[in-house]
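Reviewing the structure listed below.
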Number of protein chains: 2
Amino acid sequence: MLDSVPDSAVEPEAASLPRIAGTGAASLHGTLLAQLRDYVVEGNLAPGARVPERLLCERFGISRTPLREALKVLASEGLIDLLPNRGAWVRQLGPDEMVALFDVMGGLEALAGRLACEKITEAGFSEIERLHHAMYAAYLRRDLHGYFTGNQAIHDRIVEAADNEPLRTTYANFAGRLRRVRYAANLDKDRDRWGEAMREHEEILDALRRRAGSELSDILFRHLRNKRRAAAVRETAAAGA
Amino acid sequence: MLDSVPDSAVEPEAASLPRIAGTGAASLHGTLLAQLRDYVVEGNLAPGARVPERLLCERFGISRTPLREALKVLASEGLIDLLPNRGAWVRQLGPDEMVALFDVMGGLEALAGRLACEKITEAGFSEIERLHHAMYAAYLRRDLHGYFTGNQAIHDRIVEAADNEPLRTTYANFAGRLRRVRYAANLDKDRDRWGEAMREHEEILDALRRRAGSELSDILFRHLRNKRRAAAVRETAAAGA
DNA sequence: GACCAAAAATTTGCATTCATTTTTGGAAGA
DNA sequence: TCTTCCAAAAATGAATGCAAATTTTTGGTC
């Protein structure tokens with residue numbers, strides 16, 4: 001039943017207009033939201049630290065109202081915690097939470113791979129293939145940064161190839177939450193993992209070439225699991241330090 | 001580099017405290033957010049309709065500030081669109097968007113199934129088995145409502161068994177967005193689909209019994225795809241009407 | 001010197017106010 | 001009669017104000 005509130009006429013243009021605000025692309029509010037999100041994700045505030053409302057207002061040159069709106073959104077994205085009457089705090093990931101987030105990332109990548117197999121074009125595949133070879137070259141010359149960049153690019157391209165807007169958004173959200181975990185950091189000390197990751201990427205490319213959705217889905221989930229395992233070492237070590 | 005903003009001391013209790021605000025459980029703001037979300041999800045406002053700010057303020061007995069904060073969050077959840085200077089509009093799903101959302105749901109259920117295979121207890125499995133049989137009984141006596149309820153319960157239990165908080169939250173979000181699509185509505189006219197769905201559920205239970213994660217993952221994704229296909233008929237029909 | 005209670009100073013949450021923008025309604029003109 | 005234009009009205013976006021809660025400081029006691 002439609003409530004006492006009258007349903008205004010349907011907005012005809014709304015459907016065709018770009019969905020501006022959803023995640024906040026343009027529009028003053030969206031700008032601030034993006035800025036503030038970057039500010040947090042980039043690590044300008046220490047995990048577990050209080051988010052200084054007043055200082056941020058001055059920094060961004062705005063009043064508290066729009067800032068607080070942005071904070072509410074960041075809280076719903078899981079980047080910060082809002083404690084009633086006690087303000088906003090940068091969310092700190094415990095080991096369990098990190099594991100949970102990694103698993104979701106794995107699920108999202110698995111989905112992206114599956115969809116990519118259905119939708120990717122020959123050109124799109126070639127591009128990923130090119131990135132793969134570049135990454136392999138970086139691996140051979142032990143260029144950690146080059147490898148990391150290429151790796152990131154490949155995973156992003158797969159998500160892109162899935163051509164699914166909500167997936168893109170959700171993926172970006174979880175990637176942002178895990179941004180602090182520097183998975184690459186281990187590889188130079190964990191040559192085995194590096195080689196293993198490289199082999200997994202061979203499998204990924206192969207499955208994608210054959211457009212084997214289920215298979216790719218599986219590989220990608222396992223790939224993320226292993227990535228997490230490698231990252232967990234450092235996490236645990238850091239926690240113990 | 002940590003910015004000019006000084007890092008306040010780390011809040012020791014924050015880690016152990018329940019994550020109250022994230023999705024908004026308690027705390028006045030969270031209450032309003034949940035209320036408003038339900039209000040939209042329940043369909044009190046027509047899709048494509050304007051969200052009447054002032055009226056909602058009166059209805060909930062609050063001022064515009066907290067309402068607008070909640071609207072920003074709902075926009076980030078994808079339930080409404082915010083058009084700069086033009087207010088909030090209930091999001092309307094076109095066919096393509098619906099397809100995209102269904103695919104993400106499929107990916108999330110696939111993930112849930114995979115994780116459930118790793119974590120579910122014998123008691124948890126028995127409960128799902130019980131629900132399955134109850135649903136089958138409903139199917140046999142052509143009890144559409146009973147079937148639908150049981151079906152929903154099973155999928156929810158699988159997500160629950162995955163024991164992953166961010167997955168739970170994300171799943172709930174997408175389920176809410178798709179709430180308007182009444183997948184069950186077709187079954188009484190599409191007996192073939194109903195039987196097919198029932199057979200798929202047999203497979204689901206079987207894979208879960210064997211704790212065959214990858215397999216269950218695949219089945220669940222396909223199951224959702226088929227569910228979408230059935231729902232799409234009605235959607236298309238409705239669009240054509 | 002450590003510990004605790006009370007008052008001051010911040011900070012939060014929400015209401016209210018104000019400047020812009022959009023929308024509405026109608027008059028003038030084609 | 002229909003379109004175009006303009007002014008009034010309403011709605012949005014953001015700043016400010018204020019009561020309640022929290023945190024910090026202060027002062028005193030053991």
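In what follows, chains are A, B, ... by sequence order, proteins preceding strands, each numbered from 1.
- Remark: A112(A) engages I158(A), V159(A), A162(A), L167(A) in a side chain to side chain contact (heavy atoms under 4.5 Å, CB included) (not counting sequence neighbours).
- Not counting sequence neighbours, the partners of A100(A) by the side chain to side chain contact (heavy atoms under 4.5 Å, CB included) test are N164(B), P166(B).
- Looking at residues two or more places apart in sequence or on another chain, you find a side-chain hydrogen bond (donor to acceptor under 3.5 Å, both in side chains) between R168(B) and E160(B), E165(B).
- Take R177(B) and apply the salt bridge (charged side-chain N to carboxylate O under 4.0 Å, His left out) test, not counting sequence neighbours, and it matches no residue.
- Whole-Å rounding puts the L67(A) CG to dA15(D) P distance at 10 Å.
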Grab the N/O contacts between the protein and nucleotides 7-11 of chain C below 3.5 Å, and write none if there aren't any.
none

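- In this structure, the CD atom of E69(A) is 14 Å from the P atom of dG13(C), given to the nearest Å.
- Remark: C1' of dC14(C) and CZ of R68(B) are 14 Å apart, rounded to the nearest angstrom.
- Using a 4.5 Å heavy-atom threshold, the side chains of R91(A) and D81(A) count as touching.
- What separates CG of D81(B) from P of dT12(D) is a distance of 15 Å, to the nearest Å.
- Annotation: salt bridge (charged side-chain N to carboxylate O under 4.0 Å, His left out) contacts of D103(A) (sequence neighbours excluded): R225(A), R228(A).
- Within the structure, every pair that satisfies the salt bridge (Lys or Arg N to Asp or Glu O under 4.0 Å) test and touches residues 106-116 of chain A, not counting sequence neighbours, is listed here: R114(A)-D218(B).
- Comparing the end axes of the helix from dG1(C)-dC30(D) to dA30(C)-dT1(D), each fitted to five base pairs by superposing C1' atoms of four pairs onto the next four, gives an inter-axis angle of 10° (nearest 10 degrees).
- The distance between atom CD1 of I62(B) and atom C1' of dA15(C), rounded to the nearest whole Å, is 11 Å.
- The side-chain heavy atoms of L36(A) and V73(A), taken from C-beta on, include no pair separated by under 4.5 Å.
- Scanning for side chain to side chain contact (heavy atoms under 4.5 Å, CB included) contacts around R68(B) gives E69(A), E53(B), R64(B), K72(B), with sequence neighbours left out.
- In this structure, N85(A) places its CG atom 5 Å from C1' of dA21(D), rounding to the nearest Å.
- Among residues two or more places apart in sequence or in another chain, the side chain to side chain contact (heavy atoms under 4.5 Å, CB included) test is passed with A88(A) by V51(A), L71(A), I80(A), L82(A).
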Could you go over nucleotides 16-20 of chain D and give all protein N or O partners under 3.5 Å, atom names and distances?
residue, atom, partner, partner atom, Å
dT16(D), O4, T65(A), OG1, 3.3

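- In this structure, L71(A) atom CG and dT12(C) atom P are separated by 9 Å, rounded to whole Å.
- Residues satisfying the side-chain hydrogen bond (donor to acceptor under 3.5 Å, both in side chains) criterion with R193(A), sequence neighbours excluded, are E196(A), E200(A).
- Going from atom CZ of F60(A) over to atom C1' of dA15(D) covers 18 Å, rounded to whole Å.
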